[in-house]
2 protein chains.
Amino acid sequence: MEKGAATRAQIVAAADRLFYEHGFEHTSFATIAGALQISRGNFYHHFKTKDDILSAVIEERLAATRRMLQQWDAEAPEPAGRIRQFIRIVLTNGQDIQNYGCPVGTLTAELAKLGHPCHRDATALFTLFRAWLREQFVELGHQTDADALAMHVLAFSQGVATLSHAFRDDEFVHREVNRLEAWLDACAAGPAFSQTADQ
Amino acid sequence: MEKGAATRAQIVAAADRLFYEHGFEHTSFATIAGALQISRGNFYHHFKTKDDILSAVIEERLAATRRMLQQWDAEAPEPAGRIRQFIRIVLTNGQDIQNYGCPVGTLTAELAKLGHPCHRDATALFTLFRAWLREQFVELGHQTDADALAMHVLAFSQGVATLSHAFRDDEFVHREVNRLEAWLDACAAGPAFSQTADQ
DNA sequence: AGTACGCTAGGACAGTTGTCCTAGGCCAGA
DNA sequence: TCTGGCCTAGGACAACTGTCCTAGCGTACT
């Protein structure tokens with residue numbers, strides 16, 4: 001049982017990475033099996049279908065995201081600092097994003113195109129960030145437009161990730177991060193000012 | 001020859017749409033053939049490989065994009081008005097973007113994950129918009145930071161498209177369009193002001 | 001009227017996919 | 001030492017993929 005759970009976790013970890021790097025559909029059982037040097041038929045004991053692996057991967061990503069957000073809550077005492085950590089993800093994970101794009105955005109887009117039932121679960125990853133960002137903006141004093149501001153930050157990260165992936169331009173990413181951090185400073189200065197700060 | 005060119009164009013048009021709606025890899029010869037009610041073996045006469053179809057689709061998209069940009073040049077006399085038309089794409093093609101995302105962004109991302117040789121050609125679609133936007137900003141008087149501003153507008157469109165696709169939120173799209181149009185107005189007011197306008 | 005050729009339909013082909021079965025290896029408990 | 005059950009390897013299976021071949025249709029030109 002101990003060993004079984006370990007290989008199961010290995011399968012999920014390998015699938016997670018391969019789905020990210022090469023896409024869900026393009027990643028076959030054979031690819032995962034080859035990466036782990038495990039028999040192809042062995043999968044059936046741990047996962048009945050490929051979709052089951054995808055579900056497990058998404059669940060793991062949800063859990064990992066929750067852990068990360070909790071850590072941010074613990075590390076940064078103020079909401080502005082927390083939002084800043086999110087903004088800087090495109091720098092922190094810069095290499096991966098340049099090579100493979102945003103793991104959330106690309107997976108959601110792919111599953112939507114496939115008409116895959118797990119699409120909803122993948123969108124929940126977005127919702128996790130959205131709700132967390134909204135909370136931070138509420139704490140910042142933006143009760144009324146907290147969700148709109150959260151969506152704006154989310155859109156920033158998606159836009160930057162997509163173009164960073166397409167053009168592999170480090171300077172661009174830094175420029176946009178600086179821009180949004182300045183915008184965030186204006187936001188933090190007060191709700192009244194923020195209405196015009198971003199225009 | 002006349003008829004041959006017509007069916008060839010039909011194949012490209014159907015493939016273009018299907019690649020957009022369901023992705024390149026997920027779209028098979030059988031799918032395209034079924035959509036056109038054409039024999040599967042018939043493809044070989046027009047395209048040697050599936051990649052050839054993809055190349056033709058990208059070429060067609062490049063040509064269509066060039067036509068659209070030329071039309072914008074003709075329609076709007078001032079650069080600010082032209083940039084505005086680009087910004088409003090996310091409204092003009094709002095329904096498609098909500099359902100399938102940005103045709104450029106999603107194709108580029110997919111081909112990158114597949115390690116497909118046509119990835120460079122797909123990126124050229126981005127470059128087309130980038131260069132055109134840059135020209136407009138130069139005409140607006142932003143010689144030094146024209147490319148940075150072009151990339152900013154491009155990032156906006158990708159971010160909005162991705163989230164519009166994920167959440168299907170019309171209000172969000174309108175909000176972000178208004179926000180960037182206000183930013184554009186500040187940009188058009190003069191290069192000196194634009195440095196702080198977006199902060 | 002005859003012929004050459006662009007165009008099409010249908011199917012063959014090998015390779016790969018996800019799914020599933022079965023036989024055997026391993027290790028804990030009796 | 002024997003036994004039961006978790007775990008694994010290897011392969012079978014039908015369905016599907018992209019690729020390719022061949023026979024026949026239709027239509028323009030001689």
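Keep in mind the model is a prediction, meaning the values are calculated, not measured. Throughout, a chain's letter reflects where its sequence line sits, starting with A, and its residues are numbered from 1. Only this structure's heavy atoms are used, side chains among them; waters, hydrogens and symmetry mates stay out.
Of the listed nucleotides (C:dA9, D:dC21, D:dG10), D:dG10 has the atom at the smallest distance from the side chain of A:Ser39. Of all nucleotides listed (C:dT8, D:dT8, C:dA9), C:dT8 comes nearest to the side chain of B:His46. Considering only the side chain of B:His45, C:dT8 comes nearest among C:dT8, D:dA9, D:dC7.
Across the protein-nucleic acid pair, B:Phe43 atom CZ and D:dT17 atom C1' stand 13 Å apart, rounded to whole Å. For the pair A:Ile11 CD1 and C:dG18 P, the computed distance is 14 Å after rounding to whole Å. Whole-Å rounding puts the A:Ile32 CD1 to C:dG18 P distance at 8 Å. We find that CG of B:Leu36 is positioned 14 Å from C1' of C:dT8, with the value rounded to whole Å. When rounded to the nearest whole Å, the span between CG of B:Asn42 and P of D:dT19 equals 15 Å. One interatomic measurement links the two molecules: CG of B:Leu114 to P of D:dG18, which rounds to 12 Å at whole-angstrom precision.
A donor atom on one side chain and an acceptor atom on the other are found under 3.5 Å apart for B:Glu75 and B:Gln85. For the residue pair B:Asp51/B:His116, the side-chain donor-acceptor check at 3.5 Å is satisfied.
Salt bridge status for A:Arg84 with A:Glu181: present, with a side-chain N to carboxylate O gap under 4.0 Å.
Dashed line: the shortest gap from a side-chain N or O of A:Tyr44 to OP1 or OP2 of C:dT19 is not under 4.0 Å. Between A:Thr7 and D:dC7, a side-chain N or O to OP1/OP2 separation shorter than 4.0 Å is absent.
Both B:Gly41 and A:Gly41 lie close to DNA chain C; mapped to their nearest nucleotides by heavy-atom distance, the more 5′-ward contact belongs to B:Gly41.
Side-chain atoms of B:Thr49 stay outside donor-acceptor range of the base of D:dG18, with no qualifying N/O pair under 3.5 Å.
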Exercise for review: With side chain to side chain donor-acceptor pair (under 3.5 Å) as the test, would you mind laying out the steps for A:Gln136 and A:Arg82 before giving the verdict?
Suggested key: CA-CA 7 Å; A:Gln136 309 312 315; A:Arg82 295 177 193 157; 3.1 Å; yes
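B:Phe137 and B:His142 have perpendicular rings, their planes meeting at more than 60° on a 0 to 90° scale where under 30° would count as parallel.
The local environment of CZ in A:Arg120 is sparse, with at most 12 non-hydrogen atoms from other residues, nucleotides or ligands closer than 6.0 Å.
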Are there any protein N/O atoms within less than 3.5 Å of an N/O atom in nucleotides 14-17 of chain C, and if so, which ones and at what distance?
unit_1	atom_1	unit_2	atom_2	d
C:dT17	OP1	A:Ser28	OG	3.3

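The ring of B:Phe167 has its center no closer than 6.0 angstrom to the ring center of B:Phe172.
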